[in-house]
Undergrad: 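One structure coming up, written as structure tokens, with questions to follow.
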Amino acid sequence: MDTVMTITAYGKNSEKAVTLAKKEIENLDKLLSIENKDSEIYKLNHSKSQNLSADTLAIIKKATDIARLSDGAFDITTEPLTRAWGFYSDTENKIPDKAEINTLLKSVGTEHIKISNTTVTLDKATSIDLGGIAKGYTASKVSNIMSENNISSAIISLGGNVTAVGKKPDGTLWNVSIADPDDSSKQIGTLSVTDCSVVTSGGYQRYFEQGGVRYHHIIDPKTGVPSKSGLKSVTIVSTDDTLADALSTAIFVMGIKKATDLYKNNTALFDMVLVTDKGEIYITNGLENCFSSQRNYEVIKP
Ligand code: AMP
Ligand code: MG
């Protein structure tokens, strides 16, 4: 998954649980990697039809649900666009020309994915990339491993995805800081949480610059170019680890207005912290008692 992962667990079975978690992560990475020729995703993208394991199938199904929920802002079929912009490891970053983007956009959209039992079939020019959701799914599996091993205190950090299991060994809440998108060595605030995921997506995480313009790695599936929604970073808090990951990517594309509407219709599903291009901070109602910050912020009410 091309990132640094840290799992810290406390208690009697902690060593066993962390060993099992590491194995699970390695298994999922083998299934989901976009560049590893033996992965299910690589095989699916190259053969366009593939019988899939329960895990890969579950992620693809959830990704298509979240595509619907986000009105297409989250879309795993952006793969050819991400490749054209050179965001995979074997390619150089570049700005594709308009004609190329327009051609690629024709194969983007979850209507190009067909699922029949355990077989997924893609339209000829369609490929998928689970980079915006795989870490969240992995976090949910690791979190399950912790419960199965009676771990009541653990913190799982999978590159930008943090999942809190129970409370700290001293019985207090876990503190997860949110990076300042202008200087990720600093923070804009802290969330005190238990039993949930805290996931951040931001244009500062992966990008290149050309002609004084910054091009980041989250593509708007409607335009084929890096999203320009007016947000610098999005942090999602949810008990659904997979949803938290996909929604952080989706809401980064959607912008504050659409995100607010989505929140008002789904207050039970998630909460969020948004940082706008102007540096304003917004948090949703459900985080009022767990967010602390030295900066000013506004609260979005349902
Ligand atoms: P995240 O870091 O979770 O926000 O995910 C970003 C990654 O998801 C990118 O590096 C791409 O692999 C993929 N991606 C880019 N744009 C989208 C999109 N609009 N919907 C779903 N996945 C995307
Ligand atoms: Mg994501």
Side-chain angles (χ1 to χ4, degrees), residues 1-5 29 32-35 39 41-42 45 59-60 62-91 93 96 101 104-105 107-110 112-113 126-140 157-163 178-179 181 184 197-208 215-229 231-238 240-255 258-259 270 272 274-275:
M1 281 171 243
D2 194 25
T3 190
V4 176
M5 300 187 165
D29 194 48
L32 308 174
S33 159
I34 192 124
E35 301 290 28
S39 83
I41 293 303
Y42 188 96
N45 283 341
I59 304 175
I60 293 174
K62 186 120 184 170
T64 56
D65 289 345
I66 297 167
R68 226 170 294 127
L69 182 73
S70 66
D71 192 22
F74 185 79
D75 196 327
I76 55 174
T77 67
T78 47
E79 197 270 1
L81 291 162
T82 301
R83 193 169 293 283
W85 283 90
F87 280 115
Y88 297 120
S89 52
D90 67 340
T91 44
N93 284 133
I101 289 176
L104 295 175
L105 279 172
S107 57
V108 170
T110 45
H112 300 287
I113 305 174
T126 299
S127 289
I128 63 168
D129 164 15
L130 304 180
I133 189 169
K135 293 197 292 284
Y137 184 82
T138 304
S140 75
S157 174
L158 313 181
N161 283 50
V162 178
T163 303
I178 301 174
S184 43
S197 273
V198 178
V199 181
T200 299
S201 287
Y204 64 94
Q205 290 169 333
R206 202 182 298 173
Y207 63 88
F208 68 95
Y215 299 93
H216 61 71
H217 69 307
I218 300 176
I219 307 289
D220 183 336
K222 295 204 165 69
T223 61
V225 307
S227 66
K228 292 173 201 142
S229 71
L231 294 177
K232 260 188 201 158
S233 90
V234 173
T235 301
I236 302 293
V237 181
S238 177
D240 181 336
D241 310 310
T242 316
L243 177 84
D245 186 8
L247 266 191
S248 71
T249 313
I251 286 179
F252 187 75
V253 172
M254 292 165 80
K258 284 189 181 164
F270 72 98
M272 60 188 174
L274 307 178
V275 182

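Ligands are counted one by one from 1 in listed order, and the atoms in each one are counted from 1 as well.
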Undergrad: Does the side chain of I133 reach to within under 4.5 Å of the side chain of T249, using non-hydrogen atoms?
TA: no

Undergrad: Against H216, only a single residue in F87, F252, W85, F208 fulfils ring pair (Phe, Tyr, Trp, His ring centres under 6.0 Å); can you say which?
TA: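 Of the listed residues F87, F252, W85, F208, the ring pair (Phe, Tyr, Trp, His ring centres under 6.0 Å) partner of H216 is F252.
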
Undergrad: Just the distances, no angles: every ligand 1 N or O to protein N or O pair closer than 3.5 Å, one line each.
TA:
residue	atom	partner	partner atom	Å
ligand 1	3 (O)	D245	OD1	3.1
ligand 1	3 (O)	T249	OG1	3.0
ligand 1	4 (O)	S201	OG	2.6
ligand 1	4 (O)	T249	OG1	2.8
ligand 1	8 (O)	G132	N	3.2
ligand 1	12 (O)	D129	OD2	2.4
ligand 1	16 (N)	I219	N	3.1
ligand 1	19 (N)	A73	O	3.0
ligand 1	19 (N)	I219	O	2.8
ligand 1	20 (N)	D75	N	2.9
ligand 1	20 (N)	D75	O	3.4

Undergrad: From the Mg ion (ligand 2), how many protein N/O/S atoms are found at a distance short of 2.8 Å?
TA: 4

Undergrad: Are any side-chain N or O atoms of S39 and backbone N or O atoms of Y42, one a donor and one an acceptor, separated by less than 3.5 Å?
TA: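 Pair found, side chain donor or acceptor close to backbone of Y42.
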
Undergrad: Can you name the residues that form a salt bridge (charged side-chain N to carboxylate O under 4.0 Å, His left out) with D29, not counting sequence neighbours?
TA: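 Salt bridge (charged side-chain N to carboxylate O under 4.0 Å, His left out) list for D29, sorted by chain: empty.
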
Undergrad: Taking 4.0 angstrom as the limit, do K62 and D65 come out as a salt bridge?
TA: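 Salt bridge flag = no for D65 with K62.
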
Undergrad: So does P80 get a backbone contact from the side chain of S127, meaning a donor-acceptor N/O pair under 3.5 Å?
TA: no

Undergrad: Donor-acceptor pair, distance only, cut-off 3.5 Å: does the side chain of H112 make one with the backbone of T126?
TA: no

Undergrad: Report yes if some heavy atom in the side chain of Q205 is under 4.5 Å from a heavy atom in the side chain of T200; otherwise report no.
TA: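 Q205 reaches T200 side chain to side chain.
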
Undergrad: Just jot down the side-chain hydrogen bond (donor to acceptor under 3.5 Å, both in side chains) partners of D241, sequence neighbours excluded, or say none.
TA: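 D241: side-chain hydrogen bond (donor to acceptor under 3.5 Å, both in side chains) contacts with S197.
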
